[in-house]
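Each chain gets a letter, A, B and so on, in the order the sequences are listed, and its residues count up from 1.
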Amino acid sequence: MAVRTRFAPSPTGFLHIGGARTALFSWAYARKHQGEFILRVEDTDVARSTPEAVQAILDGMRWLGLDWDEGPFYQMQRMDRYKAVIQRMIDEGKAYYCYCSKEELDAMREQQMQQGLKPRYDGRWRPEAGKVLPTKPEDVPPVVRFKNPVSGTVVWDDLVKGRIEISNEELDDLIIARADGTPTYNFCVVVDDWEMGITHVIRGDDHVNNTPRQINLLQALGATLPQYAHLSMILGDDGQKLSKRHGAVSVMQYDDDGYLPEAVLNYLARLGWSHGDDEIFSMAQFCEWFDLDHITPSAAQFNTEKLNWLNAHYIKQTDAERLAEEVQKRLHAMGVSVTASPDPAKVVDLYRERANTLQELAAAVRYFYGQPEIDSAAAEKHITPDIVPVMRSLLSDLGQSEWSAEAIHVAINHAVSSHGLKFPKVAMPLRVMLTGSAQSPSIDAVMAILGKEETLARLESYLARHSEL
RNA sequence: GUCCCCAUCGUCUAGAGGCCUAGGACACCUCCCUUUCACGGAGGCGACCGGGGUUCGAAUCCCCGUGGGGACGCCA
């Protein structure tokens, strides 16, 4: 049977790193098996679902390049279908109306907690042969509850965690339709997974406890059970749980911060999954290798430093045109307009090996398109009065020189040797005057790309501004 | 409280009873390269949560602790 997986986010917020990994694994599993990957938006919580969140999730998926074969389906558009199934279950005696008020339920829970019991519905409205039900209250609109089996156990072989067995005595009759008639999560999931022919449910392990309920429901409907794979959660960089209040950020934030989607994907792939010692691989390779057997059952801590390393790697690989475009976009956001000269592609090539993120790359390269901000400590250290005559003579040589890194190097060497100095003694002041910083690629290469006119202008201008030297 | 899950270097992980003197990667440290900073190269530091079993043999299997996490909603 063809593999069919799904990613089923609820649109109550952006796509965060945990959701992204779940989506990635589901997607990769389908791709690996030439199956289908389905996107389903679980928006039955009307109060918390928003169209903005739907959009944010779709944006995140697209940025990562996780393409889906069917959907997006929206559960709110499938109401008729759920209601029909609920009615059928009531008719068949597999579900029943419950007239308990919320207050009544709260009281029940509290009492059970106090007694050290697991809080659960006591089944007071559950019809049984020979049982007399309470009198229906006038003012309580009923919910619909599923008649969960009272004995036996639910067992499944989780593809990540192995065999899990839960006694039906731990479960209660869950609500499948609210008082207003709308179906609830566990019910919609079951109907959808069933009708959409999902063969492998790959999801976060916060759903482990829902699984036995869903299996019971599926069995009541006479559906074929899918296989389950529960992924452990991803912890924040500090080892703490990610939440809206703490550390959980949108995958799009990684875009803003200057991470390439291939780096994020590669990082996520290795978080909780492994293929021997392989660390760096393409998504094509990942789809070929991916399997559920090598997923770690334990939680994983996010490590930004390793992401940085991967991102730096992909920045080195990316072609100059694309890199230049990304950098241009970011410089623009910083209020710097990129001109055709110096050539942005050459500029990024010069700096790509020393940037962890595109944001760093943009910041590093900024001085090519505007006056550098001089690091005063660096200036004080490297630009001393005795260097001024050297700079003057170099300036005049440079004015006569052909403009290539090699020719510039010769000119600098000439200044160095004719004044009896060491190379850095001249290179450092140049570096600070031209780039503003004491760190840069080879200064002759920088000058070659900066251009003759601009280089000479910056040097002249610096000397003119610092007559005290 | 009850149920469920998890446990190898700081972090991500390899490990399916002997291949383990526990391997790789990030980070960190040292050295090399060098025109500064990076990149790159070569080394180094560094872990099987504890206790009992099973076995000729256990990081691997079982049990008990301990520690972490999750779930107990008319949320998903």
Side-chain angles (χ1 to χ4, degrees), chain A residues 8-12 42-45 47-49 75 98 100-102 105-106 109 112-120 141-145 158 160-162 164-167 169-172 174-186 188-189 204-212 230 232-233 235 237 239 241 267 270-280 293-294 296-310 312 316 351-356 364 378 382 409 412 416 422-428 430-432 435 437-445:
Chain A
S10 62
T12 54
E42 312 220 320
D43 54 357
T44 54
D45 184 355
R48 294 199 302 155
S49 297
Q75 290 187 322
C98 166
C100 284
S101 66
K102 286 182 187 173
L105 260 17
D106 287 345
R109 257 191 289 276
Q112 288 162 330
M113 286 283 251
Q114 271 175 6
Q115 290 173 20
L117 299 170
K118 187 171 183 165
R120 54 196 203 277
V143 298
V144 179
R145 285 186 185 270
D158 195 276
V160 173
K161 295 183 183 287
I164 299 179
E165 190 166 345
I166 290 168
S167 167
E169 285 169 22
E170 294 298 327
L171 273 24
D172 61 2
L174 77 157
I175 293 172
I176 58 175
R178 302 181 179 92
D180 66 4
T182 58
T184 57
Y185 166 74
N186 276 301
C188 297
V189 168
D205 75 356
D206 46 334
H207 289 288
V208 167
N209 293 272
N210 290 323
T211 306
H230 287 101
S232 294
M233 47 187 284
L235 272 22
D237 238 328
K241 186 194 170 189
Y267 178 73
R270 278 289 287 104
L271 200 56
W273 176 84
S274 60
H275 183 269
D277 289 339
D278 296 305
E279 295 287 352
I280 294 175
D293 300 336
H294 291 84
T296 321
S298 55
Q301 188 170 317
F302 194 88
N303 185 221
T304 304
E305 283 174 337
K306 188 161 179 183
L307 206 214
N308 284 343
W309 169 70
L310 277 165
K316 284 174 214 150
Y351 269 89
R352 68 197 313 164
E353 288 199 341
R354 53 196 72 215
N356 281 329
H382 299 291
H409 192 81
I412 297 174
V416 165
K422 297 258 198 245
F423 197 95
K425 183 72 183 159
V426 179
M428 290 310 290
L430 280 174
R431 194 159 357 242
V432 176
T435 73
S437 153
Q439 291 97 47
S440 84
S442 294
I443 195 59
D444 38 32

Choosing from B:rA76, B:rU11, B:rU13, which nucleotide comes nearest the side chain of A:His207?
B:rA76
Inter-nucleotide C1' distance (B:rC20, B:rG15), Å rounded:
9 Å
Now, which nucleotide makes the Watson-Crick or G-U wobble pair with B:rA25, with each of the two distances under 3.5 Å?
B:rU11
No-H, no-angle donor-acceptor pair, A:Gln114 side chain to B:rG1 base, under 3.5 Å:
no
Nearest heavy-atom approach of A:Gln439 to A:Arg431 is C-CD, 4.0 Å
Taking the side chain of A:Glu170 as its heavy atoms from C-beta onward, which of B:rU36, B:rU2, B:rG69 lies nearest to it?
B:rU2
Between B:rA76 and A:Asn210, counting only base atoms on the nucleotide and side-chain atoms on the residue, is there a donor-acceptor pair under 3.5 Å?
yes
Selection from B:rA38, B:rC5, B:rC4 that lies nearest to any side-chain heavy atom of A:Lys161:
B:rC5
If you only use heavy atoms from C-beta on, which nucleotide in B:rC4, B:rC74, B:rG70 is closest to the side chain of A:Val208?
B:rC4
Are A:Arg120 and B:rU2 close enough that a side-chain N or O sits under 4.0 Å from OP1 or OP2?
no
Let's test this: given Watson-Crick or G-U wobble pairing with both distances under 3.5 Å, identify the partner of B:rC39.
none
Can you find a pair of side-chain heavy atoms, one from A:Tyr185 and one from A:Gln75, that are under 4.5 Å apart?
no
When A:Arg431 and A:Trp309 are each assigned the nearest nucleotide of RNA chain B, the 5'-most assignment goes to A:Trp309
So what's B:rC72 paired with, Watson-Crick or G-U wobble, going by both distances under 3.5 Å?
B:rG1
Rounding to an integer number of Å, can you tell me how far A:Lys241 NZ sits from B:rA71 C1'?
10 Å
Give the rounded distance in Å between these two atoms: NZ of A:Lys306 and P of B:rC28.
14 Å
With a 3.5 angstrom cut-off on both distances, give the Watson-Crick or G-U wobble partner of B:rU60, or none if there isn't one.
none
Closest of B:rC74, B:rC6, B:rG70 to the A:Ser298 side chain is B:rC6
Distance, C1' atom - from B:rG67 to B:rC33, rounded to whole angstrom
47 Å
Please state the C1' separation for the pair B:rA58 and B:rG17 - nearest whole angstrom.
6 Å
Considering only B:rU36, B:rC72, B:rA76, which nucleotide approaches the side chain of A:Pro119 most closely?
B:rC72
By the 4.0 Å heavy-atom rule, please label A:Thr296 as base, sugar-phosphate, or nothing.
sugar-phosphate
Taking every non-hydrogen atom, the tightest pair across A:Leu235 and A:Lys241
CD1-CA, 4.5 Å
When the C1' atoms of B:rC12 and B:rA7 are considered, how many whole Å apart are they?
15 Å
Counting distance alone, no hydrogens or angles: does the base of B:rG70 have a donor or acceptor under 3.5 Å from a partner atom on the side chain of A:Asp205?
no
How many Å lie between CG on A:Asp45 and P on B:rG73, as a whole number?
16 Å
Check this one for me: any side-chain N or O of A:Thr44 less than 4.0 Å away from OP1 or OP2 of B:rA76?
yes
Closest to the A:Ile164 side chain: B:rA7, B:rC74, B:rC5?
B:rC5
Between B:rG73 (P) and A:Glu42 (CD): distance, integer Å
19 Å
Between A:Tyr267 and A:Asn308, is there a donor-acceptor pair closer than 3.5 Å when you use the side chain of the first and the backbone of the second?
no
Just compare B:rG23, B:rC74, B:rC12 and give me whichever is closest to any side-chain atom of A:Asp277.
B:rG23
Atom C1', compared across B:rG44 and B:rC3: separation rounded to whole Å:
47 Å
If you compare all heavy atoms of A:Thr44 against all heavy atoms of A:Cys188, which two are closest, and at what distance to 0.1 Å?
CG2-SG, 3.8 Å
In whole angstroms, the gap separating P of B:rU34 from CE of A:Met428 amounts to 17 Å
Can you tell which of B:rC26, B:rU2, B:rC6 lies closest to the side chain of A:Asn303?
B:rC26
Could you tell me whether a side-chain N or O of A:Ser232 sits under 3.5 Å from a main-chain N or O of A:Pro297, the two making a donor and an acceptor?
yes
Write down the partner of B:rG65 under the Watson-Crick or G-U wobble criteria, each distance required to be under 3.5 Å.
B:rC49
In terms of heavy-atom contacts, does CD of A:Gln301 have more than 12 from other residues, nucleotides or ligands at under 6.0 Å?
yes
Considering only the P atoms, how many Å lie between B:rG10 and B:rA71, rounded to the nearest integer?
28 Å
Gap in Å between the two P atoms, one belonging to B:rU13 and one to B:rC72, rounded
25 Å
Could you tell me the separation between the CD atom of A:Glu353 and the C1' atom of B:rU36, rounded to a whole number of Å?
16 Å
Residue met sooner reading RNA chain B from 5', once A:Pro9 and A:Lys316 are mapped to nucleotides:
A:Lys316
Using atom CG of A:Leu117 as one end and atom C1' of B:rC72 as the other, report the distance to the nearest whole Å.
12 Å
Using whole Å, report how far NE2 of A:His275 lies from P of B:rG15.
10 Å
At their closest point, which heavy atom of A:Lys422 faces which heavy atom of A:Val416, and how far apart are they?
C-CG1, 3.8 Å
May I ask you to verify if any side-chain N or O of A:Ser274 is less than 4.0 angstrom from the OP1 or OP2 atom of B:rA14?
yes
Can you tell me how far apart OG1 (A:Thr182) and CD1 (A:Ile176) are? Round to the nearest 0.5 Å.
12.0 Å
Sugar-phosphate only, base, or nothing, as touched by A:Leu271 at under 4.0 Å among non-hydrogen atoms
sugar-phosphate
Considering only heavy side-chain atoms of A:Arg109, the closest of B:rG73, B:rG15, B:rU11 is B:rG73
Reckon A:His230 has a side-chain N or O less than 4.0 Å from the OP1 or OP2 of B:rC4?
no
Using atom P of each nucleotide, how far apart are B:rU8 and B:rC49 to the nearest Å?
6 Å
